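To start, the structure under review is shown below, and the notes come after it.
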Amino acid sequence: MSKNIWLLTEERPKKAVIQAILKRFCAEFGVEYVGDIKILPVISPEGRFQFRYKVIGFEAELVKEIFILPVSGYSSFVDFMLFYQDEQPTDKDKPLLLIEETKTDDVESRNTGVYQRCSKFVFTEFFYPNVQKIMLYNRQIPQKVKPTLTYIFGTRMLLTLDVEIIGKSLDPEIFRPFSRLDELIDLKNSMPKPYNGVPVRIKKEQDKIYISAKLEKAGRLAHDPNIGMVAIMAACIRKLGWSGEIIITKHGLADQSVVGNKNKFNFIAHEHEIELEGITLPNVTLPDKYWKVEKEKEKAGTIFVHVICENLVDGVSIYENHGGSERGYFWDHSTIPPMYEAVKKYTNREEYKSGNKEAIVYIPDLVLLDVKRNEIINIEGKTYKNRLKGVQELSNYVYFELNYIQHYYKDSKLAVGLVLAGSGNAEVAKQIPELILYLDDKGNITLGDRAPQLVKDAVEKLSSL
DNA sequence: CTGAGTCGTCATTTCATGGT
DNA sequence: ACCATGAAATGACGACTCAG
């Protein structure tokens with residue numbers, strides 16, 4: 001047996017994470033994982049990017065080729081879906097693995113470390129029932145030795161839904177699925193009450209279960225950790241056989257108007273029949289599709305540049321922020337091993353808090369180091385549509401350049417420019433003096449006249465792939 | 001086309017206070 | 001004084017949607 005692997009993701013394909021997933025895939029078939037990998041774009045004979053990447057360097061009889069397919073979800077989307085089949089997946093196909101990744105450990109945050117991502121697994125179950133689900137802890141720090149009750153409770157709920165935990169070692173005596181509803185209720189209710197906030201408590205009556213949990217954030221139904229927590233509690237309660245009512249109390253939501261319509265919680269509440277005390281939830285139906293192939297978003301461009309510069313030429317990423325939510329580190333590669341520093345959010349925190357929104361640190365989307373030429377390339381990513389906004393933003397990075405780039409790379413040259421993506425006119429894009437590269441929705445690649453040599457070299461090499 | 005509001009994402013930091 | 005812990009607050013930012 002030998003098929004292709006397709007990895008669908010909204011994120012930049014990171015080598016370490018891809019390797020962890022391939023390792024897990026191998027375990028599924030009892031095979032040893034071997035190989036150091038490279039990630040390359042797939043280019044047509046006419047030189048167009050095919051909106052998929054190819055992983056090379058992985059040798060196993062099970063696998064013909066490994067492709068990474070950039071996608072976007074219509075609502076709550078897991079970090080990776082793995083399909084094991086020859087044809088490019090469509091929404092009719094069923095994945096082999098669903099993978100959610102996090103860096104947060106128990107010691108950094110109790111609730112966001114375990115609850116915040118739970119809604120993903122509950123949500124995907126509606127689209128892909130009984131597919132193997134995986135929580136991948138991609139920790140940067142050592143695992144906390146003694147787990148907190150919050151972590152134990154959350155993880156046992158994940159195990160109850162057959163989610164597999166990798167990247168952490170778990171004592172099987174403590175971390176086991178709940179087998180009875182009362183076991184789950186008793187554990188939560190036995191936890192010490194917090195010194196502030198709404199204590200989460202479960203009260204079971206004849207045909208009603210009440211869960212107290214705050215769901216309001218900034219006046220709306222948007223309290224992420226608790227949305228995840230309530231979602232998985234309800235899913236577990238249903239799985240353990242409860243068919244009575246589940247009612248959320250002390251949620252802090254004023255009235256229906258703040259509940260919204262297409263909120264992911266509404267879908268979950270609808271499927272698992274969760275009620276909010278004093279509020280009638282909208283009657284929603286799930287989106288009919290879970291994902292689509294992505295060719296238009298701004299990160300299509302920056303990810304493409306990132307991948308080709310790291311895998312085809314001597315480029316190294318020293319800062320990345322594709323999409324804006326992940327933790328941003330600035331890397332100093334002049335030391336061995338390289339050191340990183342978390343980039344500050346404000347030039348002056350007090351000033352920002354007291355209303356001066358200028359006191360923020362403007363950050364670029366991607367910063368590359370051309371090792372051979374000792375040149376830094378500071379990149380802002382934008383859609384073609386927003387290209388002019390992008391040009392304006394290039395002048396915002398003075399603080400970042402001064403305090404990070406030039407601080408750590410004193411003797412390096414600095415280039416600044418724009419990477420565009422999405423449908424548009426290549427001739428118009430080429431007129432922009434700051435243009436480094438433009439990747440349109442057909443996969444055409446246009447280099448800016450003043451693009452740094454690193455990017456030019458990388459594009460040059462594409463023709464030989 | 002523009003701008004305001006909504007939504008999803010994810011990590012970091014803070015709060016309040018009992019225990020050591 | 002400091003640590004641990006359940007829970008909340010903060011906040012950046014792109015993608016959408018919708019009114020005007």
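Keep in mind the model is a prediction, meaning the values are calculated, not measured.
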### Of residues 162-178 of chain A, the positions that come close to DNA chain C - non-hydrogen atoms, cut-off under 4.0 Å
none
## Note on the structure
Result for side chain to side chain donor-acceptor pair (under 3.5 Å) between A:Asp105 and one of A:Lys168, A:Arg139, A:Gln143 points to A:Lys168
#### Entry: Under 3.5 Å donor-acceptor pair, A:Asn196 side-chain atoms to C:dG6 base atoms
yes
### Message
Tell me if the side-chain of A:Asn321 makes a donor-acceptor pair with the base of C:dA12, cut-off 3.5 Å, by modelled atom types.
### Response
no
### Message
Can you identify which nucleotide, out of C:dA7, C:dC16, C:dA9, has its nearest atom closest to the A:Tyr115 side chain?
### Response
C:dA7
### Summary
Testing C:dA8, C:dT5, C:dG6 for proximity to the side chain of A:Lys144, the answer is C:dT5
Counting the atoms with a prime plus P, OP1 and OP2 as sugar-phosphate, which does [X] contact under 4.0 Å by heavy atoms, base, sugar-phosphate, or nothing?
X        : answer
A:Tyr346 : sugar-phosphate
A:Lys120 : sugar-phosphate
A:Lys146 : nothing
A:Gln116 : base
A:Glu100 : sugar-phosphate
A:Pro225 : nothing
A:Val107 : nothing
A:Asp79  : sugar-phosphate
A:Lys344 : nothing

Once you round it to whole Å, what is the distance between [atom2] of [N] and [atom1] of [X]?
X        : N      : atom1 : atom2 : answer
A:Asp224 : C:dT10 : CG    : C1'   : 13 Å
A:Glu298 : C:dC13 : CD    : P     : 11 Å
A:Lys389 : B:dC1  : NZ    : P     : 13 Å
A:His223 : B:dT14 : NE2   : C1'   : 13 Å
A:Phe77  : C:dA15 : CZ    : C1'   : 15 Å
A:Ile227 : C:dA9  : CD1   : P     : 14 Å
A:Tyr384 : C:dA15 : OH    : C1'   : 20 Å
A:Ile360 : C:dG11 : CD1   : P     : 9 Å

Is [X] near enough to [N] that one of its side-chain N or O atoms lies under 4.0 angstrom from OP1 or OP2?
X        : N      : answer
A:Thr112 : B:dC10 : no
A:Thr148 : C:dG6  : yes
A:Thr383 : C:dG14 : no
A:Lys299 : C:dA15 : no
A:Asn111 : C:dA8  : no

Heteroatom pairs (N/O) under 3.5 angstrom, protein to nucleotides 17-20 of chain B:
unit_1	atom_1	unit_2	atom_2	d
B:dG18	O4'	A:Tyr195	OH	2.9

Looking only at heavy atoms, what is the nearest atom pair of [X] and [Y], with distance?
X        : Y        : answer
A:Leu97  : A:Ile134 : CD2-CD1, 4.0 Å
A:Phe51  : A:Glu294 : CD2-O, 3.9 Å
A:Arg201 : A:Lys188 : NH1-O, 3.5 Å
A:Lys239 : A:Thr160 : NZ-O, 3.1 Å

Quiz question: by atom type and distance under 3.5 Å, do the side chains of [X] and [Y] form a donor-acceptor pair?
X        : Y        : value
A:Glu183 : A:Ser179 : yes
A:Lys430 : A:Tyr438 : no
A:Glu401 : A:Asn378 : yes
A:Tyr397 : A:Glu380 : yes

### Task
For DNA chain B, determine which residues of residues 258-266 of chain A have any heavy atom closer than 4.0 angstrom to one of its atoms, and list them numerically.
A:Gly260, A:Asn261, A:Lys262, A:Asn263, A:Lys264
### Query
So does A:Asp91 pair up with A:Lys292, basic N to acidic O under 4.0 Å?
no
### Task
Flag the pair A:Lys382 and A:Glu393 as a salt bridge only when some basic side-chain nitrogen lies within less than 4.0 angstrom of an acidic carboxylate oxygen.
yes
### Query
Should the heavy atoms of other residues, nucleotides or ligands under 6.0 Å from NZ of A:Lys295 be counted, would the total exceed 12?
no
### Task
Could you tell me whether A:Lys389 atom NZ has more than 12 heavy atoms of other residues or ligands within 6.0 Å of it?
no
### Summary
Judged by nearest nucleotide, the residue sitting upstream toward the 5' end of DNA chain B, A:Thr102 or A:Ser75, is A:Ser75
### Query
5'-most contact on DNA chain B: A:Arg110 or A:Arg220, nearest heavy atom basis?
A:Arg220
### Query
Do A:Val17 and A:Leu136 have side chains that get closer than 4.5 Å, going by heavy atoms?
yes
